[in-house]
**Q** 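The following block contains the structure, expressed as structure tokens.
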Amino acid sequence: MKYLYRLYQLLIGVPVIILVTIVTAIAIGVGTTIGNGHFWGYYPGRWWAWIILRTLLIPVTVEGREHLEKNQSYVFVANHQGAFDIFLIYGFLGRNFKWMMKYQIQKIPFVGYACRKSHQIMVDKRGVSKIKKTYDDARRILSEGYSVTVFPEGARTFTGHMGTFRKGAFALADELQLPVVPLTINGSFDILPRMNDWHFINWHPLRLTIHQPIYPVGQGPENINATMRQAYDSVMAGLVPEYQGFVENPDQ
């Protein structure tokens with residue numbers, strides 16, 4: 001069955017992914033130029049992610065959507081198990097949001113172009129002015145009533161376990177007094193571990209758990225630290241037993 005699935009990836013999966021990626025990039029480029037940037041900056045990407053997972057026959061389960069209020073802005077924070085985290089959250093979270101992502105993603109053909117045109121928030125730490133722009137962009141998106149999604153570990157895991165969380169997203173939520181929503185991703189590491197980039201993927205179910213929002217209690221360092229600890233514990237608790245527990249990530 002493993003080799004049959006690999007053959008399916010070569011003959012059907014890869015061609016469909018390439019085609020839908022090109023079409024999505026073009027749709028975002030044209031749409032954001034002539035139309036509503038928030039619509040065209042989100043929905044084509046959402047459909048892109050949904051089609052890729054469906055094409056690859058990956059079953060998806062989402063738990064906890066009832067925790068989200070319709071018109072509320074959130075700072076979503078998730079563990080970073082692998083490349084398929086993007087498809088899972090983009091395709092199935094069901095909220096209009098912007099990513100806070102590494103600026104190096106702009107170098108990926110078509111994907112980088114789509115990210116620039118859709119005004120995703122590029123995290124660039126190559127100087128004070130670039131760091132300031134990152135947070136200015138995030139503040140603007142949140143103040144307009146939209147949400148942002150962050151991987152506060154800052155890098156994909158090498159083991160499936162979680163590393164440490166960085167404070168940036170939590171400081172932003174604290175400054176704007178917005179709720180933080182922890183997201184737990186299961187299955188992405190099993191589909192494509194970081195060490196196997198550009199290899200065949202493994203068939204494995206994906207599950208996204210949306211935890212209850214953490215609302216600010218006060219403002220300042222105490223609230224930031226408390227929110228970060230609570231979010232970390234919530235994400236950790238949602239992991240399958242195999243990946244429970246902290247493992248240091250040398251890339252952090």
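This one's a predicted model, so the numbers in the text were calculated from it and none came from an experiment.
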**Q** With sequence neighbours left out, write down each residue that passes salt bridge (Lys or Arg N to Asp or Glu O under 4.0 Å) with Glu248, or none if nothing qualifies.
**A** none
**Q** Does the Gln120 side chain pair with the main chain of Cys115, one donor and one acceptor, at a distance under 3.5 Å?
**A** no
**Q** Could you tell me which residues satisfy side-chain contact (heavy atoms from CB on, under 4.5 Å) with Val23, sequence neighbours excluded, listed by chain and number?
**A** Leu19
**Q** Go through the structure and list residues passing side chain to side chain donor-acceptor pair (under 3.5 Å) with Glu66, not counting sequence neighbours.
**A** none
**Q** Going by side chain to side chain donor-acceptor pair (under 3.5 Å), name the pairs with one or both residues in residues 192-203, residues two or more places apart or in two chains.
**A** Arg156-Asp197, Arg194-Asp251
**Q** List for me each residue that meets ring pair (Phe, Tyr, Trp, His ring centres under 6.0 Å) alongside Tyr113, sequence neighbours excluded, and say none if there are none.
**A** none
**Q** Quick one: list whatever passes ring pair (Phe, Tyr, Trp, His ring centres under 6.0 Å) with Tyr74, sequence neighbours left out.
**A** Phe76
**Q** Tell me the closest heavy-atom pair linking Val75 and Ala173, and the distance in Å.
**A** CG2-CB, 3.9 Å
**Q** So do the side chains of Leu183 and Leu93 get within less than 4.5 Å of each other, counting heavy atoms only?
**A** yes
**Q** Please round to the nearest 0.5 Å and tell me the distance separating atom CD1 of Ile17 and atom CD1 of Ile12.
**A** 11.5 Å
**Q** How many angstroms lie between CZ in Phe189 and CD in Glu242, if you round to the nearest 0.5 Å?
**A** 8.5 Å
**Q** Kindly give the heavy-atom pair with the smallest separation between Glu153 and Met162, and that separation in Å.
**A** OE2-CA, 3.3 Å
**Q** Output the distance between atom CG (Leu208) and atom CD1 (Ile185), rounded to the nearest 0.5 Å.
**A** 6.5 Å
**Q** More than 12 heavy atoms of other residues, nucleotides or ligands under 6.0 Å from CD of Glu222: yes or no?
**A** no
**Q** With distance as the sole test, does Ser73 use its side chain to make a donor-acceptor pair with the main-chain N or O of Ser147 at under 3.5 Å?
**A** no
**Q** Starting at NZ of Lys98, measure out to CD1 of Ile121 and round the result to the nearest 0.5 Å.
**A** 8.0 Å
**Q** If Ile, Leu, Val, Met, Phe, Trp and Tyr residues are connected whenever their side-chain heavy atoms lie under 4.5 Å apart, and connections chain through other members, are Leu192 and Tyr3 in the same group?
**A** no
**Q** Distance-only check: which donor-acceptor pairs under 3.5 Å involve side-chain atoms of residues 44-64, not counting sequence neighbours?
**A**
residue : atom : partner : partner atom : Å
Trp48   : NE1  : Thr21   : OG1          : 2.9
Thr55   : OG1  : Ile51   : O            : 2.7
Glu63   : OE1  : Thr209  : OG1          : 3.3

**Q** Please confirm whether the backbone N or O of Asp174 pairs with a side-chain atom of Gln219, one donor and one acceptor, at under 3.5 Å?
**A** yes
**Q** Does the side chain to side chain contact (heavy atoms under 4.5 Å, CB included) test come out yes or no for Ile210 and Phe92, once each step is laid out?
**A** CA-CA 11 Å; Ile210 304 168; Phe92 293 88; over 6 Å; no
**Q** Is there a chain of hydrophobic side chains (I, L, V, M, F, W, Y, each step under 4.5 Å between heavy atoms) that links Ile108 to Ile201?
**A** yes
**Q** Only pairs at least two apart or in different chains count here, so list each side chain to side chain donor-acceptor pair (under 3.5 Å) that has a residue in residues 23-42.
**A** Thr33-Lys117, His38-Glu144
**Q** Residues in side-chain contact (heavy atoms from CB on, under 4.5 Å) with Gln212, at least two apart?
**A** His67
**Q** Using the rule that two of Ile, Leu, Val, Met, Phe, Trp, Tyr join whenever any of their side-chain heavy atoms come within less than 4.5 Å, decide whether Ile18 and Phe87 are in one cluster.
**A** no
**Q** Within the supplied structure, the quantity of interest is the number of heavy atoms (other residues, nucleotides, ligands) at a distance under 6.0 Å from Tyr8 OH; does it exceed 12?
**A** yes
**Q** What about Val16 and Val14, same hydrophobic cluster or not, with Ile/Leu/Val/Met/Phe/Trp/Tyr joined at side-chain heavy-atom distances under 4.5 Å?
**A** no
**Q** Just verifying a value: how many Å separate Gln244 CD and His161 NE2, rounded to the nearest 0.5 Å?
**A** 8.5 Å
**Q** Distance check, rounded to the nearest 0.5 Å: Met195 atom CE versus Thr157 atom OG1?
**A** 8.0 Å
**Q** Got a list of side-chain donor-acceptor pairs under 3.5 Å for residues 227-241, not counting sequence neighbours?
**A**
residue : atom : partner : partner atom : Å
Thr227  : OG1  : Asn223  : O            : 2.8
Tyr232  : OH   : Gly163  : O            : 2.7
Ser234  : OG   : Gln230  : O            : 3.0

**Q** Among Ile89, Val148, Ile141, find the one that has a side chain to side chain contact (heavy atoms under 4.5 Å, CB included) with Phe97.
**A** Ile89
**Q** Between Ala155 and Asn249, which heavy-atom pair has the shortest distance, and what is it?
**A** O-ND2, 3.8 Å
**Q** Taking all non-hydrogen atoms of both residues, which atom of Trp99 and which atom of Asp85 are closest, and how far apart?
**A** CH2-O, 4.5 Å
**Q** How close do Ala78 and Pro152 get, counting heavy atoms only, and between which atoms?
**A** O-CD, 3.4 Å
**Q** In the single-linkage hydrophobic clustering (I, L, V, M, F, W, Y; side-chain heavy atoms under 4.5 Å), do Phe110 and Tyr43 co-cluster?
**A** no
**Q** Just jot down the salt bridge (Lys or Arg N to Asp or Glu O under 4.0 Å) partners of Arg139, sequence neighbours excluded, or say none.
**A** Asp136, Glu175
**Q** I'd like to know whether Val247 forms a side chain to side chain contact (heavy atoms under 4.5 Å, CB included) with Phe158, so could you lay out the CA-CA distance, the side-chain angles of the two residues, the decisive distance to 0.1 Å, and finally the verdict.
**A** CA-CA 9 Å; Val247 173; Phe158 286 98; over 6 Å; no
**Q** Could I get the full list of side-chain contact (heavy atoms from CB on, under 4.5 Å) partners for Ala114, not counting sequence neighbours?
**A** Ala25, Ile28
**Q** Measure across Gln72 and Arg95 and return the closest heavy-atom pair with its distance rounded to 0.1 Å.
**A** O-NH2, 2.7 Å
**Q** Any side-chain heavy atom of Tyr243 within less than 4.5 Å of one from Asp190?
**A** yes
